[in-house]
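Structure, as structure tokens:
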Amino acid sequence: MKTYSRPRVAIVGATGAVGSTMLSILEERNFPATDVRLIASSRSAGKITGTRWGDVEVEDLETADPAGVDIALFSAGGARSKVYAPRFVEAGATVIDNSSAFRMDDDVPLVVANVNDDAVAENQGIIANPNCTTMTIMMAAGPLHRAAGMRTMIATSYQSVSGSGKTGMDQLQREIEHFMGDLDGLVSGGWKDPGGDLYARPIGYNVLPLAGSITDVGYTDEEWKLVNETRKILRRDSIAVEPTCVRVPVMVGHGIAASMWFDRAVDLDEAVAVLGGAPGVQLWDDTNVPTPLDSAGIDDVLIGRLRETVGHLGGVSLFAIGDNLRKGAALNAVELAELLLI
Ligand code: A2P
């Protein structure tokens with residue numbers, strides 16, 4: 001694996017919800033970059049952004065020359081990653097990719113910082129950032145798996161609209177304004193459809209029991225990511241994951257309610273000891289219930305409602321919530337970049 005002392009960094013998708021968070025996190029953490037290049041579509045090319053590395057002009061991905069880039073953080077969608085990430089690798093860069101384009105490739109490590117850091121060393125040019133929902137629950141599942149060996153996880157997500165990028169946040173804002181003028185319709189029925197085709201149903205004042213698109217056997221691509229990425233990150237193909245991914249009218253913060261069972265019984269005291277000492281995690285007790293609003297803008301994943309299972313005994317149930325733009329995406333990408341530093 002390539003390592004760096006003062007890397008030249010590029011952010012691809014720099015104008016997006018995740019890309020702009022990547023830039024602020026690099027700045028906040030005093031990342032020792034020599035310089036930072038900002039790359040997006042032709043729509044944004046030429047815009048000037050003030051950064052810790054001076055004023056930077058946004059470049060068009062189609063014409064940007066990857067030569068000289070050491071670390072490229074990609075968050076411009078899977079289609080762009082598929083085409084351009086290999087070109088950056090060919091030009092000598094290590095790519096940290098936030099899309100799903102390479103996550104399940106055998107030669108691409110899928111890494112949650114503080115959970116499976118060792119896997120970074122296996123990279124051959126591309127390291128994949130896991131899906132934002134998987135990432136958040138791995139901060140709880142990883143330490144518990146290390147302690148007791150995970151066998152089964154039933155997980156239901158409560159995913160914010162920023163998981164769909166800026167478009168998702170704009171859509172929620174528009175729909176809330178639309179429904180504010182007709183609150184009676186929300187209570188008694190007869191509400192008018194706000195329009196827009198981003199989601200299958202309105203998201204303002206609503207809950208959608210479908211995040212992503214339906215693929216195999218009635219499960220969505222988001223749900224399959226939770227299944228497959230969990231197994232790859234925890235290096236155990238036999239883990240049984242039962243996922244349901246739900247979109248909620250929240251700007252930032254993906255929550256997951258999960259029940260987990262292991263090779264042996266895990267009681268509350270052990271779960272508290274494991275999660276209380278886990279890095280990047282805050283364990284909250286029942287006087288302090290973690291919500292999306294608490295998670296917005298912070299790095300730690302918040303875990304609460306920790307309890308022993310009461311139906312099928314021997315496991316634990318919990319609620320984990322993390323800022324999907326930070327730990328769920330941009331922060332983890334920067335943490336992975338930090339693992340490449342010497
Ligand atoms: P742009 O702002 O120029 O469209 P989000 O997920 O928040 O919507 O952000 C998506 C990011 O990916 C933005 O930075 C966006 O740039 C970038 N992007 C989208 N389509 C392309 C493209 N065809 N080429 C390069 N960058 C793109």
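Indexing begins at 1, ligand by ligand and atom by atom, following the structure's order.
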Original post:
What residues sit with at least one heavy atom under 4.0 Å from ligand 1?
Top reply: Gly13, Ala14, Thr15, Gly16, Ala17, Ala40, Ser41, Arg43, Ser44, Leu61, Ser75, Ala76, Arg80, Gly165, Lys166

**OP:** Sorted by first residue and then second, give each side-chain hydrogen bond (donor to acceptor under 3.5 Å, both in side chains) pair with at least one member in residues 181-208; sequence neighbours left out.
**Re:** Ser164-Tyr199

**OP:** Can you establish whether the number of heavy atoms outside Glu122 located under 6.0 Å from its atom CD is more than 12?
**Re:** yes

Original post:
With the threshold set at 4.0 Å, does a side-chain nitrogen-carboxylate oxygen contact exist between Asp70 and Arg8?
Top reply: no

Subject >> Within 45° cone and under 6.0 Å: Arg264 NZ/CZ vs Phe262 ring >> reply: no

Original post:
Got more than 12 heavy atoms from elsewhere within 6.0 Å of CG, Asp106?
Top reply: no

Original post:
Within a reach of under 6.0 Å around CE of Met1, are more than 12 heavy atoms found that belong to other residues, nucleotides or ligands?
Top reply: yes

